[in-house]
Amino acid sequence: MALLTARNISLGYDSIPVAEGLNFHVDSGDYLAVVGENGSGKTTLIRTLLQLQNPLGGEIVLDDGLRKNEIGHLPQQTAIQKDFPASVREIVISGCQGRAGLRPFYTREEKELAEESMELMDISELAVKCYRELSGGQQQRVLLARALCAARKILLLDEPASGLDPSAAARMYDLIEKMNGKGIAIIMVSHDITAAVNYAKHILHIGDNIFYGTKEEYIKSEIGRAFIKEHRGGETA
Amino acid sequence: MDKIIIYMQYPFVQNALIVGILIALCSSLFGATLVLKRLSFIGDGLSHVAFGATAVAAVMSFADDMLLALPVTTVSAILLLKSGQNAKIRGDAAIAMISAGALAFGYLIMNIFSASSNLSGDVCSTLFGSTSILTLDRKDVWLCVLLSVFVLTVFVLMYNKIFAITFDEDFAKATGVRADEYNLIIAVVIAIIIVLAMNLVGALLVSALIVFPALSAMRLLSGFKQVMICSASLSVVCALSGILISILAGTPVGATIVAVDAVAFGIACFIGRASRGARK
Ligand SMILES: Nc1ncnc2c1ncn2[C@@H]1O[C@H](COP(=O)(O)OP(=O)(O)O)[C@@H](O)[C@H]1O
Ligand SMILES: [Mg+2]
C-alpha cells in the first residue's frame, strides 16, 4: 500500500482555495517532485501533508504503518528568529525529538544519529558554532541534517536548494538522492525544473493545469514541455 | 562586611535568601523561552491577573493569598496561550485588556472593601513587592521550596522538548512532537513562577525578574544550554546581591533586585557589543 495517498484534496486558507482536485500517491522508496509557478500552492501542499493545516476538501490517507514521528521535514523559510541562541548540534539533535516521545533525554543511538547526519551534511566541524552566524547555505544543511534525524520513512523538502550556489545545490540534490537510495521516500518541492526531472521518479505539477504522473510522461506531456521550456532557460542548470 | 556576617545569622535573613535564590532560579529558566517565543507580554499580563486575584483573596481574608492566586493565574495562562495561538484574535490585544482590567478591578476591590487603615501601603506592596520576604515563616519557606522543586523538575525533564518547540514549533509538530500539550505544561509552570515571584518582587516587577537575566545571557552567549545556565546563575547572583543591598541600605527588596538585574543587563549589552566588535 502507498505510504501516503491524496484523494481529491483542495488546499487554501480561510476556505479560499489555492489549489483544487489534487490526486496522487507516494509509495515507500518513491521520489516525487512538486513543481509549479510561484504562489501556485506548493508550500501550502507540503504544510497540508504535514497536517500543519487542514485541507479544504478531500482526504489524505497515511499508511497504517506510517507514524508521524517517522516523517522528516525541511521547511522553505523558517520563521526562526535572527537572535535565537542555538548551536548546530543542539538543532540537529532536536530532529530526534519526535521519536523520543515522552522520554526526557536523548539516547546514545540518537546522539550518534545526529553526529552521522552532521557528517553526511559536512557540517561536523560547525557543531558547536552558533546557527545565527552561519551562511545561508550552511544553515540549509543544518536544517537538512535535522530533517534526516527525523526521517525514517519519508522526507518532505520545500525548496531544498534555495539560496545555494550551483555546486552546493548539486551536492544537496545528490544527498537527497542518497537518502532515497536508502529507501526513504522523498517529496520535494523544487523551483529548479532541471533538477526535478533529473532526480524524481514522479512529478506533480500544480497551478492552472494539474499533472501527476511519471517523469517520462511529464516530459512528453504538453504542460510539462511548456513548463520546462519556459523555466529551463532561466536556470543555471 | 561584618554587618553582612552578623545579619546572615538571623533566621529571617536566611529564609529570605533561600526563598530569593529559589525564586530567582525558577523564574530565569523560562525567561529565554518566553522571550524567544515572543511571549514576554504573557508574563506581564499574568502578573496583573495575579495581582487582581491577590487583592480579591486579601479582601475575602483567605488564609493564604496563593490559594486563590495560583489557580486563577494558571487558568488565565492557559487561556492566554490559546488565544495567542489563534491568529485571528490578536493575542496582545486580549492581554492588554485582561491585564489592565485585572489591575483596575484589583485596586477597586481593595479600595472598597479593605478594612486596613494603610490602603496605599497595601496596594504598593502588592504591586512592588513587600518586605514580607523578610518576615517569612517556616510554612512559606516550605511551600516555596516545594513549588521550586516542582518547577525545576519539570524544566529538567522537559528541557529537550522546550528547545524543540521553542526553536521551530512547526517542525516539531510536523514530526510528531506533542507541542500543544507541552505548551500547556509550560503555561502552567509559568503561572506558578509568577505567583511565586510576586512574593519576592511584586506584581509589576515580576516580568522583569523573568526576562532580564535571559536577555542578558542572550547578549553574551550563543548556545541554548549555555544561555540557560548563564541566565540562571546571573539571576541568582543578582537576587542575592539585591537582597543583601536592600537589607544593608534599607531599600525595597523587589525594586533593588530588579535594579541589579537591569544593571547586569547593561553590562551584558556592553560586553556583548565589545566582543562582537572585536570579532569583526
Ligand atoms: N498564511 C497564509 N494566509 C493566506 N494566504 C496565504 C498564506 N500563505 C500563503 N498564502 C497564499 O497562498 C498561495 C500559495 O502560496 P504558497 O503555497 O506559498 O506558494 P508556493 O510555495 O507554490 O510559491 C499564495 O497566493 C499565497 O499568497
Ligand atoms: Mg513555496
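Every chain is numbered from 1 and lettered A, B, ... according to where its sequence line falls, protein lines coming before strand lines. Atom set for the values below is all heavy atoms of this structure, side chains included, hydrogens, waters and symmetry mates excluded.
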If you count heavy-atom pairs within less than 4.5 Å of chain A, which of B:Leu157, B:Ile165, B:Asn160 leads? B:Asn160
Is A:Ala150 in contact with chain B via its backbone, its side chain, both, or neither, using a 4.5 Å heavy-atom distance? side chain
For the CD1 atom of A:Ile93 and the CZ atom of B:Phe163, what is their distance to the nearest 0.5 Å? 10.5 Å
With rounding to the nearest 0.5 Å, note down the distance linking CD in B:Gln226 to OG in A:Ser87. 7.5 Å
Of A:Arg47, A:Gln51, A:Glu70, the largest count of non-hydrogen pairs under 4.5 angstrom with chain B goes to A:Arg47
B:Arg178, CZ: over 12 other non-hydrogen atoms inside 6.0 angstrom: no
Could you pull out the closest heavy-atom pair between B:Tyr182 and A:Leu102, with the gap in Å? OH-CD2, 3.6 Å
With respect to chain B, which residue among A:Ile71, A:Asn69, A:Leu156, A:Leu52 yields the maximal number of heavy-atom pairs within a distance under 4.5 Å? A:Leu52
Neighbour count >12 (heavy atoms, 6.0 Å) for atom OH, A:Tyr13: yes
Considering all heavy atoms, the nearest A:Arg103-B:Lys161 contact: O-NZ, 2.9 Å
Taking the six-membered ring for Trp, are A:Phe84 and B:Phe224 ring centroids under 6.0 Å apart? yes
In terms of heavy-atom proximity below 4.5 Å to chain A, should B:Met218 be classed as side chain, backbone, both, or neither? both
N/O donor-acceptor pair under 3.5 Å between A:Glu90 side chain and B:Gly223 backbone: no
Could you tell me the separation between the NZ atom of B:Lys173 and the NE2 atom of A:His73, rounded to the nearest 0.5 Å? 12.5 Å
Is the backbone of B:Val177 close enough, under 3.5 Å, to the side chain of A:Gln97 for a donor and an acceptor to pair up by distance? no
Greatest number of heavy atom pairs closer than 4.5 Å to chain A - which of B:Leu221, B:Val227, B:Thr175: B:Thr175
As a quick check of understanding, evaluate side chain to side chain contact (heavy atoms under 4.5 Å, CB included) for B:Phe171 and A:Leu50, giving each step before the final call. CA-CA 9 Å; B:Phe171 177 87; A:Leu50 291 168; over 6 Å; no
If you count every heavy atom of other residues, nucleotides or ligands that lies below 6.0 Å from A:Lys68 atom NZ, does the total exceed 12? yes
So for atom CZ, which belongs to A:Phe105, do other residues, nucleotides or ligands contribute more than 12 heavy atoms lying within a distance under 6.0 Å? yes
Between B:Asp168 and A:Pro75, is there a side-chain heavy-atom distance shorter than 4.5 Å? yes
